[in-house]
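Remarks on the structure that follows.
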Amino acid sequence: MDVPIDVLVDVPIDVLIADDEAMVRAGVRAILARDPRIEVVAEAADGAEAVAAVRAHRPAVALLDIQMPGVDGIAAAAHIHRELPGTAVIMLTTFGEDDYIARALRQGADGFLLKADDPRELLRGVHAVAAGGAYLSPRVAARVVAGLRVGRPAPDLDDSALSGLTARERDVLALVGSGLSNAEIAAQLRLVEVTVKAHVSAILAKLGVRNRVEAAIAAYEAGLTGRHS
C-alpha cells in the first residue's frame, strides 16, 4: 500500500487502539501492520482502559472509538489531551455527524477518521499526527468546511486575536491550515523545528484555541490557507 512520502514519519510510531469491539480492534491492527514503521503497543475496550494504557505505554498516537461503554472516546480524548499531551489523539468512528466532529475537536483531538474511510487514510492520519500535524479524512474535512459556511464549528475568534499575530506567525498559521506538520513547516520556511513549535504554541495561545485543528479552522476562516501553496 502506497502512502505519500510527505506524511511519513521515519521513526517508529507506537500506537494504542481503543474500541469496545474486538473484531474492530483486530481490523485496525491488521491495517496498521502493513506499515513496518507503526507498532501497536496496547489495546483497550473502553475510555478508562485507554487512558490507563496511555499512562503505561506513552504511545505517540491513540486511536479512540467515540462510542464506548463507561468513559467514551471523547471524554478519554479530553483526559489524554489535558494530562498526557505527548500522545496525539485520532478519533476513529462510524459516526460522522457534525456534533461528534465538533465535540472531538473541542476536546483536543488531533485527527478524525471514519471507519468507512479508505484504509490508507488511517496510515496517513497516524503519520501526520505523530509528526505534530493534524489530520481530517477528506470526508470529515468536507463536513468541517461545510460547517464553516454556515458558521459552525469554527472557534469564536475576533479580529484582534488574528491581528495580534506576527507576520511569521501568520505564515506558520497558513501552513498549519494546509495540514503541514512542524517538520514540513520548518523545511518550507527554512526554520529549525523547535522554532516552529514555539511559533505554534504562541499561535494557539494568542488565538485562544485548543489544538492545531482549531488553528487550521481559524486559518481557513481568515483566508490564510493556500498562501504558500
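All heavy atoms count here, side chains included; hydrogens, waters and symmetry mates do not.
For the pair Gln107/His79, no side-chain contact is recorded, criterion being any heavy-atom separation below 4.5 Å from C-beta on. Ile66 is listed as a side-chain neighbour of Phe112, based on a closest heavy-atom distance under 4.5 Å. Asp72 has its side chain out of reach of Gln67: every pair of non-hydrogen atoms, C-beta onward, lies at least 4.5 Å apart. Between Leu189 and Arg168 there is a side-chain heavy-atom pair separated by less than 4.5 Å. Using a 4.5 Å heavy-atom threshold, the side chains of Lys206 and Leu165 count as touching. In this structure the side chain of Val28 never reaches within 4.5 angstrom of the side chain of Ile31, judged on heavy atoms. Taking the side chain as every heavy atom from C-beta outward, Glu83 and Arg55 approach each other to under 4.5 Å. Taking 4.5 Å as the limit, every side-chain heavy atom of Leu122 sits out of range of all side-chain heavy atoms of Arg124.
Looking only at distances, a side-chain donor or acceptor of Thr87 sits under 3.5 Å from a matching main-chain atom of Pro59.
Judged as a salt bridge (charged side-chain N to carboxylate O under 4.0 Å, His left out), not a single pair has a partner in residues 189-202 (not counting sequence neighbours).
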(request) Report the C-alpha distance between His57 and Asp14 in whole Å, list the side-chain angles of each, state the deciding distance to 0.1 Å, and finish with yes or no for side-chain contact (heavy atoms from CB on, under 4.5 Å). (result) CA-CA 9 Å; His57 297 276; Asp14 291 343; over 6 Å; no
(request) List the steps and the verdict of side-chain contact (heavy atoms from CB on, under 4.5 Å) for Val126 and Ile13. (result) CA-CA 8 Å; Val126 168; Ile13 303 171; 3.9 Å; yes
(request) Go through Val89 and His81 one step at a time and tell me if the side-chain contact (heavy atoms from CB on, under 4.5 Å) criterion holds. (result) CA-CA 8 Å; Val89 173; His81 178 67; 5.9 Å; no
(request) Take Glu49 and Glu43 through the side-chain contact (heavy atoms from CB on, under 4.5 Å) test and state the conclusion after the steps. (result) CA-CA 8 Å; Glu49 286 185 10; Glu43 295 185 12; over 6 Å; no
(request) Verify salt bridge (Lys or Arg N to Asp or Glu O under 4.0 Å) between Asp19 and Lys115, making sure each step is shown before the conclusion. (result) CA-CA 11 Å; Asp19 195 293; Lys115 292 178 181 177; 2.8 Å; yes
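Residues Val71 and Val24 are members of separate hydrophobic clusters, defined by side-chain heavy-atom contacts under 4.5 angstrom among Ile, Leu, Val, Met, Phe, Trp and Tyr. Hydrophobic clustering of Ile, Leu, Val, Met, Phe, Trp and Tyr side chains at less than 4.5 Å, counting indirect connections, keeps Val51 apart from Val41. Hydrophobic clustering (ILVMFWY, side-chain heavy atoms < 4.5 Å, transitive): Leu84 and Met68 are in distinct clusters. At a threshold of 4.5 Å between side-chain heavy atoms, the hydrophobic network of Ile, Leu, Val, Met, Phe, Trp and Tyr places Val176 and Leu191 in one connected group.
Listed by chain and residue number, Val200, Val209, Ala215 satisfy the side-chain contact (heavy atoms from CB on, under 4.5 Å) test with Leu204 (two or more places apart in sequence, or in another chain). Residues satisfying the salt bridge (Lys or Arg N to Asp or Glu O under 4.0 Å) criterion with Asp110, sequence neighbours excluded, are absent altogether.
The shortest heavy-atom contact between Ala134 and Ala128 is O-CB, 4.4 Å. A pairwise comparison of heavy atoms in Gly164 and Glu169 identifies O-OE1, 4.2 Å as the closest pair. Listed here is the closest heavy atom pair of Ile80 and Ala62: CD1-CB, 4.4 Å. Among all heavy-atom pairs drawn from Ala130 and Val61, the shortest one is CB-CG2, 4.0 Å. When all heavy atoms of Met91 and Ala109 are compared, the pair lying nearest together is CG-CB, 3.8 Å. Taking all atoms of both residues into account, the shortest heavy-atom contact from Ala53 to Leu16 is CB-CD1, 3.8 Å.
Donor-acceptor pairing under 3.5 Å is recorded for the side chains of His127 and Asp35. No donor-acceptor contact under 3.5 angstrom links the side chains of Arg170 and His199, judged on distance only.
For the atom pair Leu32 CG and Arg37 CZ, the distance stands at 12.5 Å (nearest 0.5 Å). Atoms CG and CG, on Leu63 and Leu113 in that order, are 7.5 Å from each other to the nearest 0.5 Å.
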